[in-house]
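Written below as structure tokens is the structure these notes are about.
Each chain gets a letter, A, B and so on, in the order its sequence line appears, and its residues count up from 1. Worth saying up front: this structure is predicted, and the values here are computed from it rather than measured.
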Amino acid sequence: MPEGHTVHRIANAFQSDFAGRPVTVTSPQGRFNSDAALISGLVLKRARAIGKQMFLEFDGGAIVRIHLGIYGKWQFHDSADAEVTGQVRARFTAGKNCADLRGPTICEVITKTEAKTVFNRLGPDPLNANPGNREAQRFISRVQASKSPLGLLLMNQDVIAGIGNVYRAELLFRAQITPHRPGNQCTTEELQAIWDDSVKLLRIGVKTGFMITKEKLFRKNPTKAERNWVYKREGSPCERCGASVQIELMATRKLYWCPGCQK
DNA sequence: GGCTTATGCGCAG
DNA sequence: TGCGCCTAAGCCA
């Protein structure tokens, strides 16, 4: 389930399972063979996530960049020789720790310079916010510089890194702003509130592993159907105002929102 | 068992 | 704007 919170969870797992140790890297499926050979046996210095991408930084400077896309998935095992099933693009092992990667959009070895280019393009990640408000200000100025609808801007990883279709819909519902409002018609206060809310929701996501967006359920164990206000609830009455939740396509992605609450 | 759908995004045109 | 990627879950029969 790859919005930003998932990738941060994986990066945290990599940091504790593999960092500081030599890591064997193979490609049972074969498509990552030549890249794996460049790094296999090197010590992993650090695993970090920025938005939906994970970066594994190895001794010597090589970096593995992984983007799960819509299909990609990780599977962790307790044994280095766990049986390989299906198409495993890359397997990382250190001692008994073993992680299999399937179906990623991107899995490649890049240089520090190439990584820097990626970092520079990405917008601020609410999960990497530093003390102070610099990331929020970067987000706000990027939104206000655009005439595009806010519903599109929240999906743009150059504007804010880590938000996907679920959090996009839920953040806008919680802010009570229509997805069609142009970025340059949003006030600084409104955008600051959306940023702060994204920090809060993504942290809940990292903690629980689920995209729970209703306060009441933060500490519970809600089913998928209960977790959200508008996502995948088209045609149902809005729990806040009773209006029928709408669905439409925005730039080919399904957008859910409440016309009663979101102005 | 088969079909649809998905939390994403790069690319061609 | 539409396609391709290439995997798994959810749903139906």
If I take atom [atom1] in residue [X] and atom [atom2] in nucleotide [N], what distance separates them, rounded to the nearest angstrom?
| X | N | atom1 | atom2 | answer |
| --- | --- | --- | --- | --- |
| Leu122(A) | dG8(B) | CG | P | 14 Å |
| Leu249(A) | dA6(B) | CG | C1' | 14 Å |
| Lys224(A) | dG10(C) | NZ | P | 5 Å |
| Asp100(A) | dA8(C) | CG | C1' | 15 Å |
| Lys232(A) | dA6(B) | NZ | C1' | 6 Å |
| Tyr71(A) | dT7(B) | OH | P | 11 Å |
| Leu101(A) | dC5(C) | CG | C1' | 14 Å |
| His5(A) | dG8(B) | NE2 | P | 10 Å |

Test item: Arg219(A) side-chain N/O and Glu215(A) main-chain N/O as donor-acceptor pair under 3.5 Å =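 No; zero donor-acceptor contacts below 3.5 Å.
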key: Glu57(A) side-chain N/O to Ala47(A) backbone N/O, donor-acceptor pair under 3.5 Å   =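 Checking the backbone N and O of Ala47(A) against the side chain of Glu57(A), no donor-acceptor pair under 3.5 Å is found.
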request  = Name the orientation class of the two ring planes belonging to Trp74(A) and Phe92(A) (parallel below 30°, tilted from 30 to 60°, perpendicular beyond 60°).
outcome  =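 Answer is tilted, since the angle falls between 30° and 60°.
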query = Does one side chain, of Gln176(A) or Gln262(A), offer a donor that lies under 3.5 Å from an acceptor on the other?
reply =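 Side chains of Gln176(A) and Gln262(A): no pair found under 3.5 Å.
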What pairs of donor and acceptor atoms, side-chain ones from residues 203-211 of chain A against any protein atom, are under 3.5 angstrom apart with sequence neighbours left out?
residue, atom, partner, partner atom, Å
Thr208(A), OG1, Ile204(A), O, 2.8
Thr208(A), OG1, Phe210(A), N, 3.0
Thr208(A), OG1, Phe210(A), O, 3.1

ask   = Rounding to the closest angstrom, what is the interatomic distance between dG10(B) and dA8(C) at atom C1'?
value =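 It comes out at 22 Å once rounded to the nearest Å.
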query = How far does the P atom of dT7(B) sit from the matching atom of dC11(C), given to the nearest Å?
reply =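 Per the computed distance, 15 Å lies between those P atoms.
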Counterpart residues, salt bridge (Lys or Arg N to Asp or Glu O under 4.0 Å), relative to Asp35(A) (two or more places apart) =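 Listed in chain order: nothing, the list is empty.
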ask   = Only one of Tyr256(A), Tyr231(A), Trp229(A) clears ring-ring contact (aromatic ring centres under 6.0 Å, His included) with Phe173(A); which?
value =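 By the ring-ring contact (aromatic ring centres under 6.0 Å, His included) criterion, Phe173(A) pairs with just one of Tyr256(A), Tyr231(A), Trp229(A): Trp229(A).
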Distances under 3.5 Å between nitrogen or oxygen atoms of protein and nucleotides 9-13 of chain B:
residue, atom, partner, partner atom, Å
dC9(B), OP1, His67(A), NE2, 3.3
dC9(B), OP2, Lys52(A), NZ, 3.3

task = For Tyr231(A), answer base if it contacts any base atom (sugar-phosphate contacts may also be present), sugar-phosphate if it contacts only those atoms, and nothing otherwise; contact means non-hydrogen atoms under 4.0 Å.
result =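 Contact class for Tyr231(A): sugar-phosphate only.
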